[in-house]
Every structure is written in C-alpha cells, then in structure tokens.
Number of protein chains: 2
Amino acid sequence: MNQAEILNALIADNLVSDPKGARGRLLKEAARLFRDKGYERTTVRDLAAAVGIQSGSLFHHFRTKEEILKAVMVETIHLNTALLKTAVERAQTGVARLRALIRAELESINGQTGEAMAVLVYEWRSLSETSQAEVLKLRAIYEQVWLDVLAALKAEGQLSADPFVVRRMLTGALSWTITWYRPEGGGLSLDGLTDQVMAMMAFPR
Amino acid sequence: MNQAEILNALIADNLVSDPKGARGRLLKEAARLFRDKGYERTTVRDLAAAVGIQSGSLFHHFRTKEEILKAVMVETIHLNTALLKTAVERAQTGVARLRALIRAELESINGQTGEAMAVLVYEWRSLSETSQAEVLKLRAIYEQVWLDVLAALKAEGQLSADPFVVRRMLTGALSWTITWYRPEGGGLSLDGLTDQVMAMMAFPR
DNA sequence: GTCTATAGAGAGATAGAC
DNA sequence: GTCTATCTCTCTATAGAC
C-alpha cells in the first residue's frame with residue numbers, strides 16, 4: 001500500500017474526512033492556520049474565510065471551535081498511525097525498523113500533513129480535558145508501535161538507553177524539526193536528515 | 001560562582017529583576033501562568049490576581065501584556081546564558097563539556113526557572129516580530145556556547161553528525177522533557193536523565 | 001448549507017481619585 | 001503604586017431568512 005492507498009482506505013472507513021469534501025477542506029485549512037498562528041489566535045472568522053464562507057456557517061459543520069481542533073487531531077493520529085505501521089512492516093532488521101520509524105515521523109511532520117502533526121504537539125493545552133483523554137487513547141496506539149521496536153532493539157543489545165526515554169527524546173527532537181527544517185531549501189533531504197539522526201545515535205558494536 | 005551568586009551578579013547588572021521586588025515577583029508568576037495556561041489564555045486579570053493587585057495596576061509596571069511576555073523571555077535568556085557558560089567552563093574534555101551543557105539545559109528546563117524556559121520555547125509565536133528579533137539576538141549568544149562545544153567535538157572526530165543538526169535535535173529533545181519528566185517523582189534524577197541522553201548518543205571509538 | 005445580523009461574554013487598556 | 005470604574009473592541013456562538 002502506498003500513501004494514497006492508505007489515505008483512501010481511511011476515508012472509506014470514515015476515520016479521515018475526504019479532503020475534497022467541505023469538512024475535509026475545512027480541517028486542512030484549520031490545521032494550517034492553527035499551526036501558523038496558534039489555535040487561540042485563529043478566529044472562527046479566519047477559519048471561515050479560509051474556505052470562503054461566513055463565520056456563522058461554520059457552526060453548521062461543527063458545534064464549537066474546539067471541536068474543529070479535536071477533529072484535526074483525531075484524524076491526524078488515524079492517518080499517521082496507519083503510515084507508521086506500514087513503514088515498520090517493510091523493514092527487516094531492528095535498526096532498519098527504527099530508521100523507518102524516524103523517516104516516517106519526519107515525513108509526517110515535514111510533509112503534506114505536517115501542519116496537523118505540529119498542531120497535535122503544540123496546541124495540546126487548548127484541548128479540553130475530556131477531549132485530551134480521548135485523543136490520548138488514540139495516540140497510545142501510535143506510541144506502542146515505537147515502543148515495540150525500541151524494546152526489541154534493547155533486547156537485542158543494540159540500545160543501551162531506556163526505550164521509554166529514547167522515545168520521548170525522539171518525540172521532542174523530531175517534532176522540533178518543524179521549527180527549523182525546510183525540505184524545499186535544497187539543502188538537506190528527508191533521507192539526509194534521517195541519516196543525521198541515526199548518526200547521532202549510539203548503537204553498541 | 002554558584003547559582004545564587006550568578007543570579008545576584010545579574011541582578012546587580014540590571015539584567016534580571018530581583019525576585020523579591022514587585023517586577024520580579026510578577027515576572028515569576030507570569031512565567032508560571034504562561035507555561036500552565038499559555039500566553040493567550042492567561043488574562044491580565046489572572047496576572048494581577050497572582051501578585052495580589054487589580055488588573056489596572058499592572059499597567060503602571062508594563063505598558064502592554066506583550067511587554068510582560070518579552071520581559072520573561074529576555075530575563076530568562078540572560079540568566080540561562082550565564083548558567084550555561086559557567087557550566088561549560090568547569091569541564092575539561094570535549095565530551096565532558098557536552099555533558100555539562102546537557103545537564104545545565106535540563107536543569108534550566110526542569111528546575112526552578114523551568115517555567116520561563118518553557119515559555120521561551122512554546123510561546124514564541126505570541127511575541128511580536130520586532131520583539132522576536134530582539135530576543136533572537138540574545139538567544140544567539142546562548143546558542144553559540146553550544147555550537148562551539150559541538151564544533152570542537154566534531155574536529156576531534158568525536159561526533160559524526162553535523163553540529164548544527166545535533167544542536168537542533170538536542171534543543172527539541174531537551175525542551176520536550178518539560179512535558180513528561182517529573183524530577184520529584186523519585187524515579188529518574190537529573191543526573192540519571194543526563195546519563196540517558198549521553199547513552200543515546202554516538203561517540204565513535 | 002449559507003447568508004445577515006446580533007446577542008452576550010470577556011478581553012486589553014485607560015482615567016482619575018486616593 | 002494601587003484602587004475603582006469603565007471604554008472599546010473582538011471573540012464565539014445563535015437565530016431566523018433564503
């Protein structure tokens with residue numbers, strides 16, 4: 001399954017909105033605005049204008065502004081969990097699986113769906129506590145993919161640090177790339193960036 | 001110079017407000033509130049209540065709410081640059097200097113001044129562009145301390161990845177600890193956490 | 001499903017008394 | 001230097017016409 005096929009399967013299962021529909025288009029624009037200006041500084045008027053309607057019309061699709069934020073986050077996790085699982089299945093060795101995860105997460109953050117991933121990380125506090133709990137449940141599935149790979153590496157003796165700590169450090173390091181890495185810049189490619197991360201990490205020999 | 005002496009020297013130079021004075025107390029509370037609720041969700045009424053005055057009285061000390069955010073950031077950089085420089089001066093080898101920097105930054109983030117460091121990282125977008133430029137100049141001094149140590153390590157052949165990329169990855173990884181690391185928890189100490197970061201990193205042998 | 005119009009709440013900031 | 005009182009603006013959300 002390639003990226004487009006994964007997306008289509010998720011749309012068919014109603015886990016992700018069709019980006020061609022009204023809801024999908026709004027969520028895409030919302031993710032971009034939330035990332036650029038932050039959730040609090042983005043007004044419902046901004047959101048409506050981005051899809052060419054009046055602010056009152058938004059509330060036909062979503063009951064509250066916060067519901068939009070939550071939808072962005074939920075759909076982002078569904079999509080990226082699917083992408084992550086596919087990436088890890090293809091790799092054959094422990095180290096290759098780790099590399100595949102790093103590559104996939106860098107792509108999620110800096111690729112087309114990157115706005116939404118950044119929102120997930122940096123707008124967490126703007127979500128109500130009940131919504132946070134809901135999104136956290138979905139996020140746990142995503143995190144488990146990472147932890148399984150890291151725990152296997154540790155068991156093989158390829159990793160000396162604690163898998164939980166390693167994952168958390170990588171979460172911070174990889175999500176932070178959105179603030180400085182510019183894939184268009186011609187300099188470092190996503191593969192090159194992945195190489196750099198792997199080169200930083202210790203694998204006992 | 002220990003931590004208290006460094007702070008006193010900065011207060012004497014008017015680079016950091018005395019935490020016993022009105023301005024210093026407000027900035028301390030502001031940092032805590034901005035970290036917990038975010039800058040946008042913290043009202044001037046919240047800020048005033050935290051130091052026991054009415055919201056109108058705030059504007060005798062600061063012209064705008066944003067000026068408070070900027071002051072938090074500026075004083076935080078001054079303090080932590082001084083702490084970082086002191087930490088690196090004490091270490092004797094390249095790897096020891098890197099360890100000292102990691103330890104110092106983890107302490108800045110998770111110690112007493114941690115709220116302010118988190119504000120610096122996560123509320124950046126709330127600062128006006130002109131203020132951003134000003135704070136960025138100060139931040140560059142802090143970053144240069146890191147880059148000098150990493151470049152020396154690279155020259156020694158102790159580091160295979162690019163120093164700029166390594167620093168950025170560490171920025172993300174270390175600042176992210178504020179979201180999950182709980183020093184009081186009894187589990188991992190700051191030294192233990194530093195060990196984990198060092199254990200993750202590759203130093204060619 | 002989108003429009004216009006607006007309700008209702010809360011925000012940052014100001015003015016003048018003390 | 002802090003108070004009370006309040007101005008003005010902007011925000012989210014609602015109501016009802018089309």
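Reckoned from all heavy atoms, side chains included, excluding hydrogens, waters and symmetry mates. Residue numbers begin at 1 in each chain, while the letters A, B, ... track the order of the sequences.
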Practice task
Could you check if a side-chain atom of B:Tyr39 sits within less than 4.5 angstrom of a side-chain atom of A:Glu40, using non-hydrogen atoms only?
Solution key: no
Handout entry: Option from A:Lys70, A:Glu134, A:Glu66 for which side chain to side chain donor-acceptor pair (under 3.5 Å) with A:Ser128 holds
Key = A:Glu66
Exercise for the section: With the side chain counted from C-beta on, respond yes when A:Gln196 and B:Val166 share a heavy-atom pair under 4.5 Å apart, and no when they do not. Expected result: no
Handout entry: Residues, nucleotides or ligands: over 12 heavy atoms within 6.0 Å of B:Phe59 CZ
Key = yes
Handout entry: Contact check, side chains of B:Glu29 and B:Leu47, non-hydrogen atoms, under 4.5 Å
Key = no
Exercise for the section: Give me the residues of residues 61-71 of chain B where at least one heavy atom lies under 4.0 Å from an atom of DNA chain C, by number, or none. Expected result: B:Thr64, B:Lys65
Problem - B:Lys154 side chain to B:Ser160 backbone, donor-acceptor under 3.5 Å - result: yes
Please tabulate, for the side chains in residues 9-21 of chain B, all donor-acceptor contacts under 3.5 angstrom to protein atoms that are two or more places apart in sequence or on a different chain.
from: B:Ser17; atom 1: OG; to: B:Arg23; atom 2: NE; distance (Å): 2.9
from: B:Ser17; atom 1: OG; to: B:Glu75; atom 2: OE2; distance (Å): 2.6
from: B:Asp18; atom 1: OD1; to: B:Lys20; atom 2: N; distance (Å): 2.8

Practice task
Please list, by residue number, the residues of residues 47-59 of chain A whose heavy atoms come closer than 4.0 Å to an atom of DNA chain D; answer none if no residue qualifies.
Solution key: A:Gly56, A:Phe59
Exercise for the section: Return the orientation label for the A:Tyr122 and B:Tyr122 ring planes: parallel under 30°, perpendicular over 60°, tilted otherwise. Expected result: tilted
Completion exercise
Its 5'-most and 3'-most nucleotides having an atom under 4.0 Å from a non-hydrogen atom of chain B, DNA chain C is contacted over C:dA11 to C:dT14
Practice task
Kindly check if the number of other-residue, nucleotide or ligand heavy atoms within 6.0 Å of NZ (A:Lys65) is above 12?
Solution key: yes
Exercise for the section: Drop me the distance from A:Met1's CE to A:Leu83's CG, to the nearest 0.5 angstrom. Expected result: 9.5 Å
Exercise for the section: Go through residues 35-44 of chain A and report each residue with a non-hydrogen atom lying under 4.0 Å from DNA chain D, sorted by number. Expected result: A:Thr42, A:Thr43, A:Val44
Handout entry: Side-chain touch A:Thr177/B:Arg168, heavy atoms, less than 4.5 angstrom
Key = no
Exercise for the section: Tell me which residues in residues 17-30 of chain A put a heavy atom below 4.0 Å from DNA chain D, sorted by number, or none. Expected result: none
